[in-house]
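To keep things clear, I will list the structure first and then write my remarks on it.
In what follows, chains are A, B, ... by sequence order, proteins preceding strands, each numbered from 1.
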Amino acid sequence: MSEDTREKLVEVRDLVQTFNAGKKDEVRAIQDISFDIYRGETLGLVGESGSGKTTTGRSIIRLYDPTSGTVKFEGQDIAKLKNGSKAMHQFRRQMQMIFQDPYASLNPRMKVKDIIAEGLDIHHLVKSEKERDDRVAALLEEVGLNPDHATRYPHEFSGGQRQRIGIARALAVEPEFIIADEPISALDVSIQAQVVNLMKDIQDKNGLTYLFIAHDLSMVKYISDRIAVMHNGRLVELASSDEVYTHPLHPYTQSLLSAIPEPDPDTERRRVLVPYDASQAEGDDKARSMTEVFPGHFIYAATDEVAGYQHAAQAAHAND
Amino acid sequence: MADAKNQSATAMASLPKDAFEPAQVDKTEKERIAAPALTFTQDAMRRLRQNKAAIISFWILVVIAVLAFGSFFWSPADPNHQNLTYSYLPPKWGNLNIPGLNGWNNGVDVYKANGIKDGVYFLLGTDGFGRDMLSRLLAGTRVSLIIAIVATFFDLSIGVVYGIISGWRGGRTDIVMQRVIEIISSVPNLVVVILMLLVFKPGLTSIILAIALSGWVTMARLVRAQTLQLKDQEYVLAARTLGESSVKIALKHLVPNLSSTIIIQTMFTIPSAIFFEAFLSYIGIGIPSPQASLGTLLSDAQQNLQTQPYMLVFPAIVIVLLMLAFNLLGDGLRDAFDPRSSH
């Protein structure tokens with residue numbers, strides 16, 4: 001992977017997010033993570049519940065103020081943007097989010113038209129009522145909904161339709177980067193495929209960059225170019241999606257992959273669960289950091305573990 | 001058994017292939033929603049209309065309000081005009097001979113005994129100073145309804161705004177604002193009014209000030225609790241990621257979703273404010289005499305309960321109707337706006 005040729009759209013460096021710092025109920029949601037997202041790619045972020053995936057997404061889009069560390073978007077440190085400033089206003093247009101729960105992400109008291117046009121109004125992107133209606137109709141069509149539905153209320157739609165309305169709302173301000181926070185986990189499987197394919201189509205058409213947060217590993221592999229694995233508020237492995245799937249190096253990733261059920265009953269019976277012991281790979285007091293053990297393949301490792309991971313990576317690739 | 005099987009088999013065989021056509025699934029047809037678009041309010045009103053008690057209460061309140069405020073323009077008599085010749089006349093409805101409403105009291109035709117001219121009668125009787133009870137009752141109800149409007153106004157202006165700010169800002173602001181509320185609500189209303197009397201003359205002003213000071217506290221608490229829930233809703237987060245300002249989020253997202261809480265709480269604030277005024281006037285620190293209010297009417301009537309019971313009955317009926325109607329309508333609105341919380 002020749003990384004220098006690709007433009008970094010988002011750079012996350014040493015990001016720490018602590019809630020209720022210094023109090024009894026302190027939560028260290030994110031503990032020092034760093035990664036880059038290149039323009040035009042989809043980075044999948046996976047991990048178990050409570051591993052800090054959603055918090056990472058929300059810190060990047062400045063729903064939370066990061067405790068420390070920097071998040072750069074197009075070279076600009078967004079943690080330093082002041083609320084209400086012009087730069088912040090501009091940033092709000094460039095980065096958008098698709099939410100997890102299609103039932104909670106649409107205001108039940110607003111018409112679909114007004115939900116989608118909210119961003120248009122805030123950023124003054126349309127000049128007349130007619131232009132606004134036309135734009136909403138075009139957006140509804142873009143996400144595969146009937147433009148006649150603009151005057152309906154969210155409760156009249158199914159989960160999949162609602163999620164598409166949420167996507168239309170995000171697209172309305174023509175963002176460059178979209179954080180999809182488990183956009184499909186609340187949908188049933190047939191609708192999941194529809195929504196993911198829609199997201200892919202829109203990405204191809206508009207040249208969008210995605211941060212795709214999910215816990216469904218097969219869906220993440222399908223949509224992502226690279227995958228980052230999170231555990232306990234830390235990144236443990238980051239590589240291209242094929243690499244993560246075929247040659248997982250970190251014991252947590254190996255354990256996570258071994259937990260995917262197989263549709264074939266014969267192979268499913270032979271599936272062996274790999275237990276993961278966090279105290280061995282992250283729990284002890286060794287200083288660890290993300291280290292490139294194979295081109296494009298990063299592992300959260302201490303200096304004395306690097307050699308072992310490198311060896312394992314080379315061995316795995318030699319078998320290909 | 002075997003015959004039936006054969007028959008169905010021949011029936012199947014006799015069906016030509018071209019009798020079947022693949023179903024055409026029209027995508028736009030699949031996405032169509034046939035039901036008419038109902039807004040949340042329309043839906044709530046539909047549920048409210050099914051609640052008979054609430055609807056009856058609503059119309060009772062409308063009638064009482066029209067009569068009471070109508071008395072600004074037309075009243076049978078001046079509520080404060082005294083005429084000692086008409087002292088303690090029981091209710092008389094023209095020449096209708098309805099027991100209790102025919103001018104008789106304690107086995108005496110009081111009108112005849114006092115030598116009142118024919119054609120002079122009082123629908124609800126008169127008090128000891130000869131003041132028309134109907135006019136006094138209308139004037140008193142008017143005071144109660146003015147108190148209701150004032151209480152609503154402070155609930156909406158101070159209570160809702162205070163609650164939204166406290167919940168939305170959170171953190172230290174919230175802690176300070178909640179402590180202030182606790183201090184306010186820890187002082188009994190009665191004490192506040194008595195302290196007011198040191199500065200102001202007893203009357204509507206001091207009651208209104210007391211309500212302004214502490215009547216909105218419950219509303220502020222409820223709105224704050226609801227705002228805390230709403231502000232983590234994903235549609236509010238979505239508005240924030242779009243760059244919506246806090247004021248606009250409050251107006252577009254919070255208030256519409258708080259509306260049921262607000263309407264319901266208002267409906268429960270009103271009767272308690274009315275009762276508060278009646279109570280103060282009853283014990284003599286509310287509306288001063290000779291002005292009429294439901295409380296002063298009850299307190300005057302209570303002294304003559306054994307001899308002139310009619311003086312107590314009618315104000316009591318009105319206050320009971322007001323309380324019941326507001327509470328039943330409030331219940332109905334709660335069920336209509338918040339179907340999950342009923343029962």
If I measure from the heavy atoms of chain B, does [X] come under 4.5 Å with its side chain, its backbone, both, or neither?
X	answer
A:Met95	backbone
A:Leu63	both
A:Arg58	side chain

Measure distances from B:Lys248 to the heavy atoms of chain A and classify the residue's part below 4.5 Å as side chain, backbone, both or neither.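 Neither part.
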For a salt bridge (Lys or Arg N to Asp or Glu O under 4.0 Å) check, start with the C-alpha distance between B:Glu234 and B:Arg240, then their side-chain angles and the critical distance, and finish with the verdict. CA-CA 10 Å; B:Glu234 288 183 340; B:Arg240 284 174 60 194; over 6 Å; no
Considering all heavy atoms, the nearest B:Arg221-B:Gln178 contact: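 Heavy atoms only, the tightest pair is CG-OE1, 4.4 Å.
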Could you have a look at [options] and say which one has the most heavy-atom pairs with chain B under 4.5 angstrom?
options	value
A:Arg169, A:Arg93, A:Arg109, A:His89	A:Arg109
A:Met110, A:Met97, A:Lys111	A:Met110
A:Ile98, A:Asp114, A:Asn107	A:Asn107
A:His155, A:Gln100, A:Met88	A:Gln100

Quick one: does any side-chain atom of A:Ser85 pair with a main-chain N or O of A:Leu81 as donor and acceptor, under 3.5 Å?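 Answer holds: no.
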Using 4.0 Å as the upper bound for N to carboxylate O, is an ion pair formed by B:Arg47 and B:Asp43?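 Yes, B:Asp43 and B:Arg47 are salt-bridged.
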Distance from B:Ile165 atom CD1 to B:Asp174 atom CG, nearest 0.5 Å?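 So the gap between those two atoms works out to 11.5 Å.
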Atom pair CD1 (A:Ile30) and OG (A:Ser59), whose distance is rounded to the nearest 0.5 Å: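 Answer rounded to 0.5 Å: 4.0 Å.
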